[in-house]
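This report concerns only the one structure given below.
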Amino acid sequence: MIDVGANLLNEQFRGDLDGVLARARHAGIEHIVVTATSLDDARAAQELCAMHPDLSCTAGVHPHLAKDVDEDWRAQLLELARHPSVRAIGEAGLDFNRNFSPPDRQRSVFREQIEVAGELDMPLFVHDRDTDGAVYELLSDFRGPPEQVLVHCFTGSAPDLERYLDAGYSIGITGWVCDTSRGEELRSLAPDIPLDRLLIETDAPFLFPHGATPPTGRRRRNEPCLLPFIAQRLAELYRVPVNELVGHTTANARRLFRLDSPA
Ligand SMILES: [Zn+2]
């Protein structure tokens with residue numbers, strides 16, 4: 001199976017990334033898309049991908065970091081995105097939960113990434129947290145095929161999901177779906193996502209899946225090797241065999257990120 005969102009450059013993985021990758025491979029993770037949250041991150045991700053053929057990455061600016069971009073960031077992004085290991089623009093979007101960057105700045109940086117993804121015909125890896133439809137509205141400017149929009153770590157409401165599905169977007173589900181208390185709404189909504197639009201991701205090191213056995217002594221750190229646990233829980237909600245669910249999510253990931261074309 002394929003983890004379409006893991007923050008392998010996060011400082012929590014500094015020091016034992018080789019072990020993290022070895023555990024992932026052992027757990028049957030055939031490919032990981034490394035999430036970049038800044039352009040510096042994207043550069044580091046490319047170096048990591050150059051060493052590991054089973055990794056690809058995104059390039060983009062997370063809404064939290066929108067306030068930190070250089071003046072010529074768009075030109076830098078366009079150049080970074082041409083690197084063959086970069087398979088999507090992002091993560092990009094809006095996060096009004098804590099507003100680490102001013103909302104207007106978040107909007108303008110997101111808008112430009114929507115344009116870049118359309119211009120380059122690349123998928124857009126989208127972050128949407130507490131934006132009350134603002135991400136959805138801006139996405140109407142996306143010029144590529146709608147399934148190339150991946151709303152990652154979906155944790156929204158039923159109307160949010162309905163809008164995204166009606167627009168034709170793809171949806172990423174994390175271990176949030178394993179949480180029987182705060183994930184309850186997602187647990188009831190997730191099976192409404194058609195299997196041909198569903199992708200799975202850990203968002204590691206964040207969102208340790210509730211009920212999983214920690215792979216190391218670091219009890220709250222999530223890792224790509226826990227993706228099979230998430231897939232199992234999700235398959236139970238869909239009431240399909242886990243192999244069937246994983247067959248779909250893997251094919252969707254290969255198609256979306258064009259993993260069969262050479263890096
Ligand atoms: Zn995110």
Side-chain angles (χ1 to χ4, degrees), residues 2-13 32-42 44-45 56-69 77 86-101 103 105-107 109-114 116-117 122-136 138-139 142 148-157 160-161 164 169-179 182-183 185-186 189-190 193 198-209 220-224 226-227 230 253 256-257:
I2 297 174
D3 187 349
V4 300
N7 301 273
L8 295 185
L9 299 161
N10 188 278
E11 58 187 13
Q12 291 190 50
F13 291 126
I32 300 173
V33 182
V34 179
T35 310
T37 57
S38 68
L39 299 186
D40 284 342
D41 237 22
S56 304
C57 64
T58 69
V61 181
H62 189 285
H64 284 340
L65 301 173
K67 64 179 186 317
D68 300 327
V69 292
L77 174 60
V86 176
R87 296 302 167 114
I89 299 300
E91 80 175 279
L94 303 173
D95 191 319
F96 297 159
N97 182 259
R98 278 179 288 179
N99 282 326
F100 287 131
S101 288
R105 188 77 191 149
Q106 292 188 41
R107 277 198 184 84
V109 168
F110 183 33
R111 219 178 263 127
E112 294 206 48
Q113 292 181 93
I114 293 171
V116 167
M122 289 177 79
L124 184 65
F125 190 91
V126 175
H127 174 102
D128 177 1
R129 182 132 188 242
D130 294 350
T131 69
D132 202 20
V135 164
Y136 171 80
L138 287 180
L139 281 172
F142 180 68
Q148 290 198 146
V149 171
L150 171 58
V151 180
H152 113 98
C153 190
F154 178 80
T155 55
S157 64
D160 291 335
L161 183 61
Y164 281 143
Y169 301 157
S170 303
I171 308 287
I173 295 291
T174 60
W176 192 270
V177 82
C178 304
D179 192 325
R182 61 180 190 159
E185 187 176 16
L186 181 63
L189 292 177
I193 304 165
L198 174 72
L199 293 103
I200 53 175
E201 49 172 333
T202 57
D203 205 26
F206 313 115
L207 302 179
F208 185 89
R220 293 179 58 84
R221 188 182 72 172
N222 191 7
E223 289 192 21
L226 295 174
L227 191 64
I230 297 168
L256 183 68
F257 294 101

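Whatever order the structure lists ligands and atoms in, that order sets their numbers, starting from 1. As the structure is a computational prediction, the values presented were derived from the model and not from experiment. Only heavy atoms go into these numbers, but all of them, side chains included; no hydrogens, no water, no symmetry mates.
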Can you tell me which N/O/S atom of His127 has the shortest distance to the Zn ion (ligand 1)? ND1
Taking everything shown except Asp132 itself, do over 12 heavy atoms lie less than 6.0 Å from its CG? no
Taking 2.8 Å as the cut-off, does His152 contribute an N, O or S atom near the Zn ion (ligand 1), distance below it? yes
Of the backbone and side-chain N, O or S atoms of Glu91, does one lie nearer to the Zn ion (ligand 1) than 2.8 Å? yes
Would you indicate whether the side-chain heavy atoms of Cys178 and Ile230 approach each other to under 4.5 Å? yes
Hey, is there an N, O or S on Cys153 sitting under 2.8 Å from the Zn ion (ligand 1)? no
Euclidean distance, Asp130 CG relative to Phe96 CZ, rounded to 0.5 Å: 10.0 Å
Can you say whether the rings of Tyr164 and Tyr169 are parallel (under 30°), tilted (30 to 60°) or perpendicular (over 60°)? tilted
